K.L.:
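After the structure tokens below, expect a handful of questions from me.
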Amino acid sequence: MKLQTEALLPRAADLTLLRKQVAGGEGLQMEFKRKVAYPDKVVRELIAFANTLGGVLLIGVDDDGTLPGVRYPEEEIIDVKRALQKHAQPRVGIKSEVLALNKKKFVVRLVVAPHPQRPVFFVHPDGKKECYVRHNDQSMKASYEMREIIRQSKWKKDIQFTFGEAESKLFSYLQAHSSITLSQFRAAVPLSRNEASAKLIKLVLANLLRITPSDKGDLYSRV
């Protein structure tokens with residue numbers, strides 16, 4: 001159903017909240033878009049929110065925090081929902097709200113919650129799947145380890161593992177360094193990639209390590 005935007009008028013409370021959110025800038029749970037020029041990119045941002053802590057995406061807001069607004073907010077919402085249905089698996093639900101800046105300009109607020117069936121994937125037309133997570137103010141492609149941590153962290157259970165030589169060397173390394181990558185861990189201990197990966201995943205799930213996504217490989221640090 002088409003929104004009757006001509007009937008929407010600016011409301012002081014809405015504008016106050018909007019300006020407060022915008023003043024905080026982009027971050028872990030906030031993203032700005034000038035408009036939905038590329039719906040696929042917006043879907044990646046929403047998927048990253050769904051795979052992390054949820055978040056808010058504001059359409060009609062520039063990166064610098066100015067509010068140019070959009071003329072036809074209902075079209076922006078339709079484009080995003082169509083792209084979500086096409087690319088998000090499992091399906092991601094969003095709540096949408098239109099805020100009037102004046103009689104002709106609007107901001108769209110899209111809210112997404114953490115997905116109960118995460119990880120959520122972006123599915124390309126050729127069937128290729130990618131997973132995204134949110135880190136600070138960026139949406140980043142998730143590694144296999146990050147995807148497994150997201151998947152397994154949905155279940156509340158005790159994590160059991162043996163604290164052996166590999167784990168001892170790992171924490172000795174982290175006493176002298178702020179973080180370690182999977183490849184650095186493998187260089188320190190004689191483990192296959194799968195074995196090293198499984199140990200790091202278990203230590204993160206046991207809340208003994210923290211994982212931080214990075215373009216150059218995930219960083220693992222002590223909690």
Side-chain angles (χ1 to χ4, degrees), residues 24-34 36-59 61-65 80 83-84 87-89 92 110 112 114-115 118-154 170-171 173-189 191-223:
E26 293 181 309
L28 182 64
Q29 294 181 277
M30 180 64 66
E31 177 72 21
F32 303 155
K33 293 293 180 185
R34 170 65 183 83
V36 185
Y38 302 98
D40 290 7
K41 291 184 177 180
V42 175
V43 169
R44 288 183 176 91
E45 305 285 1
L46 295 173
I47 286 175
F49 282 142
N51 280 328
T52 314
L53 298 176
V56 176
L57 190 145
L58 298 175
I59 302 169
V61 181
D62 268 330
D63 289 342
D64 62 2
V80 172
L84 274 172
H87 295 292
Q89 187 182 78
V92 174
L110 302 179
V112 60
H115 203 287
R118 58 190 181 276
V120 179
F121 292 88
F122 181 95
V123 182
H124 291 267
D126 63 1
K128 179 183 177 182
K129 295 182 180 180
E130 295 175 332
C131 181
Y132 292 87
V133 293
R134 193 76 175 173
H135 176 60
N136 293 334
D137 61 350
Q138 292 184 318
S139 295
M140 309 181 69
K141 193 179 296 186
S143 64
Y144 165 79
E145 289 74 27
M146 179 63 80
R147 297 196 304 269
E148 276 300 296
I149 290 165
I150 293 171
R151 185 180 67 83
Q152 295 185 40
S153 64
K154 300 193 302 286
L170 170 63
F171 282 94
Y173 182 96
L174 289 174
Q175 285 183 339
H177 304 82
S178 60
S179 62
I180 191 170
T181 65
L182 174 59
S183 60
Q184 288 171 335
F185 182 36
R186 289 190 62 204
V189 295
L191 294 173
S192 69
R193 190 195 188 286
N194 288 344
E195 290 171 330
S197 171
K199 286 183 180 295
L200 291 172
I201 289 170
K202 281 190 174 183
L203 288 168
V204 172
L205 291 171
N207 202 34
L208 294 175
L209 288 182
R210 178 185 296 110
I211 182 173
T212 302
S214 165
D215 291 333
K216 297 181 180 180
D218 296 332
L219 301 176
Y220 296 87
S221 57
R222 297 180 66 173
V223 171

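Note that this is a predicted model, so its numbers are computed, not measured.
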K.L.:
Throw together a table of side-chain donor-acceptor distances under 3.5 angstrom for residues 207-218, partners on residues two or more places apart or in other chains.
P.N.:
residue	atom	partner	partner atom	Å
R210	NH1	R222	O	3.4
S214	OG	K216	N	3.2
D218	OD2	S143	OG	2.4

K.L.:
How are the rings of H177 and Y173 set to each other: parallel, tilted or perpendicular (split at 30° and 60°)?
P.N.:
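Aromatic pair H177/Y173 classed parallel.
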
K.L.:
Tell me, with the steps shown, if Y144 and N194 meet side chain to side chain contact (heavy atoms under 4.5 Å, CB included).
P.N.:
CA-CA 11 Å; Y144 165 79; N194 288 344; over 6 Å; no

K.L.:
So, D62 side chain and D64 main chain: donor-acceptor pair closer than 3.5 Å or not?
P.N.:
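No; judged by distance alone, with no hydrogens or angles, the pair does not exist.
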
K.L.:
Please enumerate all residues that pass salt bridge (charged side-chain N to carboxylate O under 4.0 Å, His left out) together with K141, with sequence neighbours excluded.
P.N.:
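Once residues adjacent in sequence are excluded, the partners of K141 under the salt bridge (charged side-chain N to carboxylate O under 4.0 Å, His left out) criterion are E130.
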
K.L.:
How close do V42 and K33 get, heavy atom to heavy atom, and via which atoms?
P.N.:
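Minimum heavy-atom contact is CG2-CG, 4.3 Å.
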
K.L.:
Within the 4.5 Å heavy-atom criterion, are V80 and L84 side-chain neighbours or not?
P.N.:
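Counting from C-beta outward, V80 and L84 do come under 4.5 Å.
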
K.L.:
Please check: side-chain N/O of K154 versus main-chain N/O of R151, any donor-acceptor pairing under 3.5 Å?
P.N.:
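Flag set: sc K154 to bb R151 pair under 3.5 Å.
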
K.L.:
Specify the closest pair of heavy atoms between V43 and A83, including all atoms of both residues, with the distance to one decimal.
P.N.:
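Looking at all heavy atoms of both residues, the closest pair is CG2-CB, 3.4 Å.
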
K.L.:
Can you tell me if E26 uses its side chain to pair, donor with acceptor, with the backbone of F32 under 3.5 Å?
P.N.:
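Side chain of E26 to backbone of F32: a pair is present.
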
K.L.:
May I ask you to decide whether E145 forms a salt bridge with R193, counting only side-chain N to carboxylate O separations under 4.0 Å?
P.N.:
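Salt bridge between E145 and R193, a charged N being under 4.0 Å from a carboxylate O: yes.
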
K.L.:
Less than 3.5 Å apart, which donor and acceptor atoms pair up between the side chains of residues 45-59 and the rest of the protein, not counting sequence neighbours?
P.N.:
residue	atom	partner	partner atom	Å
E45	OE1	R134	NH1	2.9
E45	OE1	S139	OG	2.5
N51	OD1	V120	N	2.6
N51	ND2	I47	O	3.4
N51	ND2	V120	O	3.0
N51	ND2	Y132	O	2.9
T52	OG1	A48	O	2.8
T52	OG1	R134	N	2.9

K.L.:
So do the side chains of L174 and Y220 get within less than 4.5 Å of each other, counting heavy atoms only?
P.N.:
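Of all side-chain heavy-atom pairs linking Y220 with L174, none is under 4.5 Å.
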
K.L.:
Indicate yes or no: at least one non-hydrogen side-chain atom of F171 is less than 4.5 angstrom from one of L203.
P.N.:
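They are in side-chain contact.
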
K.L.:
Once rounded to the nearest 0.5 Å, what's the spacing between atom CZ of R44 and atom SG of C131?
P.N.:
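So the CZ of R44 and the SG of C131 are separated by 12.5 Å.
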
K.L.:
Could you walk me through whether I180 and L170 pass side chain to side chain contact (heavy atoms under 4.5 Å, CB included), step by step?
P.N.:
CA-CA 8 Å; I180 191 170; L170 170 63; 3.6 Å; yes

